[in-house]
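Beneath this line is the structure, given in structure tokens, with notes to follow.
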Amino acid sequence: MTYCDIKKLTAEKREAKWWLEQENKKQGDRWTTLQHNGILFSPEYEPLPPNIMVKYNKKPVKLDSKNSNNSLNITAEEGAVFLAQKMEQDDRLAEKDKKRKKAIDDPVFTTNFWNDWKKVLGPNHIIKDLKGVDFSPVQKYIVERSNNKKSAKKAMSKEEKKEEKEQKDAVKDLYGYAVIDGVKIPIGGYAVQPPGLYIGHGNHPLRGRIKKRIQPTDVIINVSKTNIPKCSINGKPCKWGAVVEDHEVTWIASYRHPLTEELTHIFLKRDESHFVCSSDQEKFEKAKKLGENIEEIRKKYTKDLSSSKSETRQLATAVYLLDVLAIRPGTEKNEEKESDTLGLTTLKCSNIKFDIGNHVTINFSGKSSIEFKKKFKVSSIVYKNLQGSCEEKDKKKELFPNVNATSLNGYLKTLLPDLTAKNFRTWKASSILQEELDENIPDPDTPTYEKKLMYDRANIKVALELNHKKLGGSSDRVEKLKEKISEYKEKKKNAKTPKQKASAQKSIDLNTAKLEEAENNVATSTSKVNYISPQIVVAWCKKAEMPIEKIYNKASLTKFIWAMSTPSTWKF
DNA sequence: CCCCCGACTTGGCGCTACGCGA
DNA sequence: TCGCGTAGCGCCAAGTCGGGGG
């Protein structure tokens, strides 16, 4: 039973132990008792067969496959396997997308890799540079190994499959759950990150570096101290780095990311955690409140657009853009350790172009290096303010020099209590969906797939607004879909029965929607899961007599269980 | 007061299990 | 029943934002 289920229990069932625990909780505490069995460490390295070797200057070299006693806790051979795996993945993906860049051709990637691998090889190793190393025997071997594994799995008997599943389930039973205030809740990803290469998004400065193997001593466990889990690594006992009992946080374990040194946490599974459920609920309530107050907020910042104080003017102009574009706020970044991506408060003058008729074009590389580009019209006062910031031809100059994430959020709080910049994205997404669905309330006896299409189209609009894009090339997919559509159109023409005709039409409709998504390179899942209030969807489904399971998968149905009783008349 | 960092949400990608059409 | 395409899931990176410490 999850928290969300418990919330649904009626008042007379409140004698449950869980409720007692909740009432006895101190202010700020997230839990009273927390039990779990610790976390799972990466398995030891499995050496390659003795005859599998890299070549250095055309001569085979057997790399050490046993000694991992170095700063990265990996063997020399393991490092070679990491790169060979990456090369294999690149080769495979390059077949689909010819333009795709390979890591091995990227000097930053290879230099980063070499500098780390050198540490593992040691100072007196025969291998003196990466250029002379031929990884292809290792690459070839790992492909064979993976193919063998696949066919072995196919050939497995029913009993063997069952046994394998039981073994997996046993590990999951041990590590996959935490018991919080007496309620069993799944843990999301209970294994520490295995050692490997750091890839990153876009042109990350650390790409190609080796992430070391995490050891038990690197890990902090958060748990009720009366029930400290045993530390075990590959069947051997070990010692946790530390054990804490912090009632104010929801994580089970934490450790430093081996390269960025950021804390990495092991949390509860997001779809089933009651902490996530209730913060989600709050998030959408806040977004709704923003919508209810938007006119008043607009009035306030419009007045500030012509403030005599430059800082206030900048803040108001930034909020105007936030209101129109719903872009991310943008936080300061460390250029040596992070990609140089931007957000609203970190935009430079080089990211804006002034066109005639109060039109501006904003163009920048956002989260995960995804391009944002939009041309739109602004009010003349906003146009003047933006131009004012960029009068001098210095392109490196910031668009809002006196605004940062903190001051922006500070200003937003003067417009509406608790308002933050990212609330605008949630509000915009949800209100667009509400509007779209309001215009598309199907007759209950419309075919289900048509109702689904109405939802999907609205969802695509939201994803476009939030700039949720797929990075990979989609031209292949677009062509295929176009072909398919004309095929079905032909079929429809030649249909003999009305049933055949309807079935062809259905395929046309479905593939047209897919085409729309592919042509725009748009990804809908993020907005569906994080930005669109499920209450809107539930209300619409009830009105349209549309089964909600056609829209949400099992995980989302669990995460949004709190919204399922929303009445059909509900409005965002 | 400011900036750094802890905790949590958001986000795209690749793999795989599964469902559907031929 | 078989092969194929894709939804969904897990992985891990990359954001936001407030609070704590200097």
Side-chain angles (χ1 to χ4, degrees), chain A residues 28 30 89-90 92-93 96 146 150 153 165 186-194 196-202 204 206-207 211 220 222 246 248-251 254 256-271 273 275-276 279-280 282-283 327-334 337-339 341-346 366-370 404-410 412-413 418-426 429 463 466-472 477 480-481 484 503 507 510-511 514 517-518 521-531 550 552-556 559:
Chain A
R30 316 289 291 275
Q89 190 195 41
D90 281 355
R92 216 165 350 107
L93 291 170
K96 285 188 198 164
S146 124
K150 263 182 215 158
K153 208 175 175 190
K165 192 167 181 292
I187 297 172
Y190 43 83
V192 293
Q193 275 192 34
L197 300 185
Y198 186 88
I199 307 299
H201 299 171
H204 198 288
L206 301 180
R207 63 192 186 275
K211 294 184 288 180
I220 301 167
N222 187 29
D246 187 343
E248 295 186 2
V249 298
T250 66
W251 50 266
S254 72
R256 295 270 162 198
H257 186 285
L259 293 174
T260 65
E261 292 178 350
E262 297 287 324
L263 270 175
T264 304
H265 302 95
I266 290 185
F267 290 110
L268 300 171
K269 204 170 172 184
R270 14 185 214 226
D271 306 321
S273 150
F275 303 119
V276 173
S279 79
D280 240 32
E282 245 169 64
K283 171 180 78 183
I327 52 180
R328 294 186 191 85
T331 41
E332 307 301 322
K333 305 190 83 184
N334 177 340
K337 281 185 163 186
E338 296 172 285
S339 299
T341 55
L342 303 172
L344 175 66
T345 63
T346 49
K367 179 173 178 177
S368 298
S369 301
I370 289 182
N404 61 35
T406 311
S407 71
L408 178 69
N409 282 331
L412 288 173
K413 278 174 189 56
D418 291 331
L419 187 61
T420 69
K422 85 196 236 303
N423 298 155
F424 278 83
R425 279 171 78 73
T426 318
L466 298 184
N467 208 42
H468 287 146
K469 282 192 207 163
K470 284 182 183 149
L471 284 170
R477 192 171 140 80
K480 265 191 186 168
L481 284 167
K484 240 185 185 172
S503 142
S507 299
L510 288 174
N511 285 299
K514 278 183 197 166
E517 216 173 317
N521 238 358
V522 77
T524 53
S525 69
T526 300
S527 50
K528 191 170 176 176
V529 173
N530 295 306
Y531 287 100
K550 296 276 180 203
Y552 289 130
N553 63 23
K554 217 178 114 201
S556 296
K559 191 177 169 213

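Throughout, protein chains are lettered first and strands after them, A, B, ... in sequence-line order, and every chain is numbered starting at 1.
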Go through the steps for A/R207 and A/Y198 under the test side chain to side chain donor-acceptor pair (under 3.5 Å), then give the verdict.
CA-CA 5 Å; A/R207 63 192 186 275; A/Y198 186 88; over 6 Å; no
Step by step, would you call A/S556 with A/N553 a side chain to side chain donor-acceptor pair (under 3.5 Å)?
CA-CA 5 Å; A/S556 296; A/N553 63 23; 3.2 Å; yes
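Contact annotation for A/T420: backbone-only contact, meaning every heavy-atom pair under 4.0 Å involves sugar-phosphate atoms and none involves a base. Residue-level contact check: A/I199 touches neither bases nor backbone, having no heavy atom under 4.0 Å from any strand. Residue A/S279 is in sugar-phosphate contact alone, with no base atom involved, counting any heavy-atom pair closer than 4.0 Å across all strands shown. A/G330 comes within 4.0 angstrom of the backbone, heavy atoms only, and of no base. A/K337 comes within contact range of no nucleotide atom at all, as no heavy-atom separation falls under 4.0 Å. Using a 4.0 Å heavy-atom distance criterion, A/K422 is classed as a sugar-phosphate-only contact. A/R256 comes within 4.0 angstrom of sugar-phosphate atoms only, judged by non-hydrogen atoms across all strands, and of no base. Across all strands, A/T250 comes closer than 4.0 Å only to sugar-phosphate atoms, never to a base (heavy-atom distances). Within 4.0 Å of A/E338, counting heavy atoms only, lies no atom of the nucleic acid at all. Residue A/R425 is classed as a sugar-phosphate contact, given heavy-atom separations below 4.0 Å to backbone atoms only. A/F267 comes within contact range of at least one nucleobase, with a heavy-atom separation under 4.0 Å. Note on A/T341: only backbone sugar-phosphate atoms sit closer than 4.0 angstrom, heavy atoms only; bases stay farther off. A/K211 comes within 4.0 angstrom of the backbone, heavy atoms only, and of no base.
Between A/K153 atom NZ and B/dT16 atom C1' the separation is 8 Å, expressed in whole Å. Atom C1' of nucleotide C/dG8 and atom NZ of A/K269 are separated by 11 Å, given to the nearest angstrom. One atom, NZ of A/K367, and another, P of C/dC12, lie 17 Å apart when rounded to the nearest Å. Between A/H201 atom NE2 and C/dC12 atom P there is a gap of 11 Å when expressed in whole angstrom units. Between A/E282 atom CD and B/dT9 atom C1' the separation is 13 Å, expressed in whole Å. A straight line from CH2 of A/W251 to P of C/dC12 spans 20 Å, rounded to a whole angstrom. Here the P atom of nucleotide C/dC11 and the NE2 atom of A/H265 are 18 Å apart, to the nearest Å. Regarding A/N404, its CG atom lies at a distance of 13 Å from the C1' atom of C/dT16, rounded to whole Å.
The environment of NZ in A/K550 is sparse: at most 12 heavy-atom neighbours from other residues, nucleotides or ligands sit within 6.0 Å.
Toward the 5′ end of DNA chain C lies the nearest nucleotide of A/N553, the other residue of the pair A/N553 and A/Q193 mapping further downstream. The 5' end of DNA chain B is approached more closely, in terms of each residue's nearest nucleotide, by A/R328 than by the other of A/R328 and A/L93. Checking A/Y190 against A/Y552, the closest nucleotide of DNA chain C that is more toward the 5' end is the one next to A/Y552. Each of A/Q89 and A/D246 was matched to the nucleotide of DNA chain B holding its nearest heavy atom; the match closer to the 5' end belongs to A/D246.
Side-chain nitrogen and oxygen atoms of A/H257 include none within less than 4.0 Å of the OP1 or OP2 phosphate oxygen of C/dC12. The phosphate of C/dC12 has neither OP1 nor OP2 within less than 4.0 Å of any side-chain N or O from A/T264. For A/R92 and B/dC15, the shortest distance from a side-chain N or O to OP1 or OP2 is below 4.0 Å. Remark: A/K283 is not in phosphate contact with B/dC8, judged by side-chain N or O atoms under 4.0 Å from OP1 or OP2. Taking side-chain N and O atoms only, A/H204 has a distance below 4.0 Å to OP1 or OP2 of C/dA14.
Closest approach of A/T341 and A/K333 over heavy atoms only: OG1-NZ, 2.7 Å.
Considering only the side chain of A/T331, C/dT16 comes nearest among C/dA13, B/dC13, C/dT16. Counting only heavy atoms from C-beta on, A/I370 has its side chain closest to B/dG12 among B/dG12, B/dT10, B/dC15. Distance from the side chain of A/L263 is smallest to B/dA7 among B/dT10, B/dA7, C/dT16. Considering only side-chain atoms of A/K333, the nucleotide from C/dC17, B/dT10, C/dG15 that sits closest is C/dG15. Nearest nucleotide to the side chain of A/K554, out of C/dC9, C/dC12, C/dG15: C/dC9.
Between A/I199 and A/L197 the shortest side-chain heavy-atom distance falls below 4.5 Å.
With hydrogens and angles ignored, the 3.5 Å screen pairs no side-chain donor or acceptor of A/R328 with any backbone N or O of A/K422. A donor-acceptor pair is defined here as one N or O able to donate and one able to accept, closer than 3.5 Å; such a pair exists between the side chain of A/N423 and the backbone of A/T420.
Atom-to-atom distance recorded for A/L408:CG and A/T345:OG1 is 6.5 Å, nearest 0.5 angstrom.
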